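Have a look at the structure below before the remarks.
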Amino acid sequence: MTLNIILLGPPGAGKGTQASRLEDEHGMVQLSTGDMLRAAVKAGTPIGVQAKAVMDAGELVSDEIVSGLIGERLDQLGGDVSVIFDGYPRTAAQADALDEILDVRGRKLDHVIELLVEEDALVDRITGRFSCATCGAGYHDRYKLPKVADTCDQCGGHDFKRRPDDNEETVRTRMAEYRAKTAPILPIYEARGIVTHVDGMADIDVVNDAIELILNSATAP
Ligand code: AP5
Ligand code: MG
């Protein structure tokens, strides 16, 4: 059975962390518009050039660009792959676009999982975040250090990096964008009865267990 789920939550809520667990454990595919845009910035594509300043300021890139990226990526994947939307949709226009994108590809949204985390914890998480420069595995200065110091658990790399938008000032703008433009799309999905709220303040493993329960409920007879 092919699943299509949205992980919704403010910056630092744990969307990327949980999406990558679902990739590793269930072969689902994470579709993170943030990761796609960062790859475009790194490659210097026209989309990347356009997006860089917007992302560095913590504001939202245009709906057309991100919905275009999602449609393209779904086409590359084919129809029989389960996907996790991470950081998309983020506006009412993107929620509408996603309905259309899924519909024309014969997919339907199964779950919207909202990760609930207190605002102070978000700043703490984001300002402590770093990742492996080789494979992208995510870490945190206090909550998720590599098992062997300065060595990536996943690929053994020794080079780590931090995101340019992971500073306190930009994080506050990103949160304001979330409150103003993203949180208001939740009622669209609540009206369809597909939203589940998960305590994102819990340990990473506990959050993962809660998400597993939700996904299993989709496959129950
Ligand atoms: P994006 O990359 O999507 O960033 P974001 O939404 O701000 O979310 P983050 O990636 O910061 O947080 P996360 O929820 O993935 O948390 P993570 O798992 O890493 O977007 C970046 C920018 O791109 C946007 O600002 C915008 O400009 C643009 N953009 C992207 N999509 C767009 C769209 N659709 N429309 C328009 N513009 C778009 O966890 C954070 C840290 O906390 C990690 O260090 C992790 O180890 C730790 N952690 C995770 N879970 C826990 C836990 N349970 N307990 C303790 N620590 C934890
Ligand atoms: Mg993320």
Side-chain angles (χ1 to χ4, degrees), residues 6-23 30-41 47-48 50-71 73 84-95 97-98 101 113-118 120-132 136-146 153 160-183 185 198-211:
I6 295 175
L7 284 182
L8 198 70
K15 304 181 296 292
T17 303
Q18 296 300 331
S20 110
R21 289 283 293 260
L22 294 173
E23 283 200 319
Q30 172 192 20
L31 297 180
S32 159
T33 39
D35 287 348
M36 292 173 203
L37 291 166
R38 279 184 288 279
V41 170
I47 284 179
Q50 216 178 316
K52 185 175 183 344
V54 179
M55 294 173 77
D56 285 350
E59 290 160 8
L60 293 186
V61 174
S62 82
D63 293 330
E64 292 71 24
I65 286 181
V66 291
S67 294
L69 289 171
I70 287 286
R73 197 56 61 94
I84 311 141
F85 296 101
D86 160 5
Y88 179 90
R90 260 172 150 100
T91 64
Q94 290 178 29
L98 180 60
I101 285 168
I113 300 172
E114 187 193 22
L115 299 174
L116 301 167
V117 181
E118 290 159 18
D120 286 346
L122 296 174
V123 175
D124 184 45
R125 284 184 186 185
I126 286 182
T127 50
R129 169 170 56 188
F130 63 98
S131 64
C132 173
Y139 297 98
H140 192 278
D141 291 327
R142 288 174 299 286
Y143 309 126
K144 195 181 170 222
L145 281 165
D153 297 346
F160 295 91
K161 62 179 182 181
R162 290 179 193 264
R163 276 169 45 178
D165 59 343
D166 276 356
N167 56 77
E168 184 156 355
E169 192 193 339
T170 309
V171 168
R172 298 278 177 203
T173 306
R174 285 158 58 195
M175 284 174 189
E177 289 282 77
Y178 183 81
R179 276 193 299 271
K181 296 172 187 163
T182 308
I185 69 177
V198 167
D199 175 15
M201 293 294 288
D203 283 350
I204 292 172
D205 286 344
V206 175
V207 177
N208 178 246
D209 288 346
I211 293 175

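Both counts, for ligands and for their atoms, begin at 1 and track the order of listing. A quick note: this is a predicted structure, and the numbers were derived from the prediction, not measured. Heads up: numbering here begins at 1 and tracks the sequence.
Between Val54 and Leu37, every side-chain heavy-atom pair lies at or beyond the 4.5 Å cut-off.
Electrostatic pairing of Asp141 and Arg162 counts as a salt bridge here, judged by a charged N lying under 4.0 Å from a carboxylate O. For Asp166 and Arg174, the salt-bridge test passes: some basic side-chain N is under 4.0 Å from an acidic carboxylate O.
Of the protein's heavy atoms, Thr33 OG1, 2.8 Å lies nearest to atom 31 (N) of ligand 1. Given atom 16 (O) of ligand 1, the protein heavy atom at minimum distance is Gly14 N, 3.2 Å. Protein heavy atom at the shortest distance from atom 44 (O) of ligand 1 is Tyr139 O, 3.0 Å. Nearest non-hydrogen protein atom to atom 4 (O) of ligand 1 is Arg163 NH2, 3.2 Å. Annotation: atom 8 (O) of ligand 1 to nearest protein heavy atom, Lys15 NZ, 3.1 Å. The protein heavy atom nearest to atom 48 (N) of ligand 1 is Arg125 CD, 4.0 Å. For atom 46 (O) of ligand 1, the closest non-hydrogen atom of the protein is His140 CB, 3.8 Å. Here the heavy atom of the protein found nearest to atom 25 (O) of ligand 1 is Arg174 CG, 3.8 Å.
Heavy atoms of Gly200 approach ligand 1 to within less than 4.0 angstrom. Not a single heavy atom of Gln18 lies less than 4.0 angstrom from ligand 1.
Using a 4.0 Å cut-off between heavy atoms, Phe130 makes no contact with ligand 1 at all. Within the 4.0 Å heavy-atom criterion, the part of Ala202 lying near ligand 1 is the backbone and not the side chain. Looking at Leu37 against ligand 1, only its side chain comes within 4.0 Å, counting heavy atoms. Residue-level proximity to ligand 1 for Val66 is carried by the side chain, the only part with a heavy atom below 4.0 angstrom. Using a 4.0 Å cut-off between heavy atoms, Gln94 contacts ligand 1 through its side chain alone, with no backbone atom that close. In Glu177, neither the side chain nor the backbone holds a heavy atom less than 4.0 Å from any atom of ligand 1. Looking at Glu59 against ligand 1, only its backbone comes within 4.0 Å, counting heavy atoms.
Ring planes of His140 and Tyr143: parallel class, angle under 30° (limits at 30 and 60°).
A distance of 12.5 Å separates CZ of Arg125 from NZ of Lys144, quoted to the nearest 0.5 Å. The CG atom of Asp86 lies 9.0 Å from the CE atom of Met36; values are rounded to the nearest 0.5 Å. One finds the OH atom of Tyr88 at 12.0 Å from the OG1 atom of Thr182 (value rounded to the nearest 0.5 Å).
Of all the listed residues (Arg90, Met55, Arg129), Arg90 holds the heavy atom that lies closest to atom 1 (P) of ligand 1. Closest to atom 18 (O) of ligand 1 by heavy atom, among Thr17, Leu60, Leu7, is Thr17.
In terms of modelled atom types and a separation under 3.5 Å, the side chain of Thr33 and the main chain of Gly87 share a donor-acceptor contact.
Numbered from 1 in the order shown, with element, the atoms of ligand 1 that lie under 4.0 Å from a heavy atom of Gly16 read 13 (P), 15 (O), 18 (O).
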